[in-house]
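Let me begin by presenting the structure, written as structure tokens, before commenting on it.
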Amino acid sequence: MADTQRRGRKIMMTPDELDEFLGGQRTCRVATVSATGAPHASTLWFVWDGTSLWLYSITRSKRWADLRRDPRVAVVVDTGEEYGELRGAELSGTVEFVGEVPRTGEDFPELTTVERMFARKNFGIDEMPHDGRHAWMRLTPDAVASWDFRKLAGL
């Protein structure tokens, strides 16, 4: 999987905690590099399959254009209001584009499970609605850093 986290080991999530956390969250922040080299951050819904983070993006977005030109990405998923509640993970690596662009629902077996998970998680339905404006990217992270500040109380 990804590089091992070196700093903050005492508050990092275990693999099971990370799977549960990513499986339960809906929103992530995606950081890309623009054509000028400037960073660009945007928000997306996602689904985690236990190995990869799946991003469903509008294909006419700056994010999509940035990643088509340079597929390197950092994604942050976090939650918590008070300091002692903060939890999150940063996943980084290179995205892969999967399926038709834009997605119209053409049979693509690799997306069957992902789309069902995404539709259930975000829309409460079993079948993914396709609008012909979005498409899929998969991030199988090269590096993952996580934190769970709730663990600080036990230190």
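Please read these numbers as outputs of a predicted model, since none were measured by experiment.
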Using the side-chain contact (heavy atoms from CB on, under 4.5 Å) rule, take L139 and S52 through it: C-alpha gap first, then chi angles, then the decisive distance, then the call.
-> CA-CA 5 Å; L139 170 62; S52 299; over 6 Å; no

Run the ring-ring contact (aromatic ring centres under 6.0 Å, His included) check on W64 and F97 step by step: do they pass?
-> CA-CA 10 Å; W64 187 269; F97 298 89; 4.8 Å; yes

F46 and Q25: side-chain contact (heavy atoms from CB on, under 4.5 Å), yes or no, with the steps?
-> CA-CA 8 Å; F46 72 92; Q25 298 299 309; 3.9 Å; yes

Full working for side-chain contact (heavy atoms from CB on, under 4.5 Å) between H130 and E115 = CA-CA 10 Å; H130 300 286; E115 289 186 336; 3.0 Å; yes

Residue pair L55, C28: steps toward the side-chain contact (heavy atoms from CB on, under 4.5 Å) verdict | CA-CA 9 Å; L55 306 166; C28 67; 3.7 Å; yes

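Below 30°, between 30° and 60°, or above 60°: for W54 and W136 the angle between ring planes is above 60°, a perpendicular geometry.
Ring centroid separation for the pair F21 and W147 does not come in under the 6.0 Å cut-off.
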Report all side-chain donor-acceptor pairs from residues 104-112 shorter than 3.5 Å, counting only partners two or more places apart or in another chain.
| from | atom 1 | to | atom 2 | distance (Å) |
| --- | --- | --- | --- | --- |
| T104 | OG1 | E100 | OE1 | 2.7 |
| E110 | OE2 | R138 | NH1 | 2.3 |
| E110 | OE2 | R138 | NH2 | 3.4 |
| T112 | OG1 | P109 | O | 3.3 |

Side chains of residues 73-95: which donor-acceptor partners sit under 3.5 Å, not counting sequence neighbours?
| from | atom 1 | to | atom 2 | distance (Å) |
| --- | --- | --- | --- | --- |
| D78 | OD1 | R29 | NH1 | 2.6 |
| E85 | OE1 | E81 | N | 3.1 |
| E85 | OE1 | E82 | N | 3.0 |

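No more than 12 heavy atoms of other residues, nucleotides or ligands shown are found within 6.0 angstrom of CZ on R72.
At distances below 3.5 Å, not a single donor-acceptor pair connects side-chain atoms of K121 with backbone N or O atoms of W45. A distance-only check finds a donor-acceptor pair linking the side chain of R69 to the backbone of S34 [under 3.5 Å]. With hydrogens and angles disregarded, no donor-acceptor distance shorter than 3.5 Å links the side chain of K151 to the backbone of K10.
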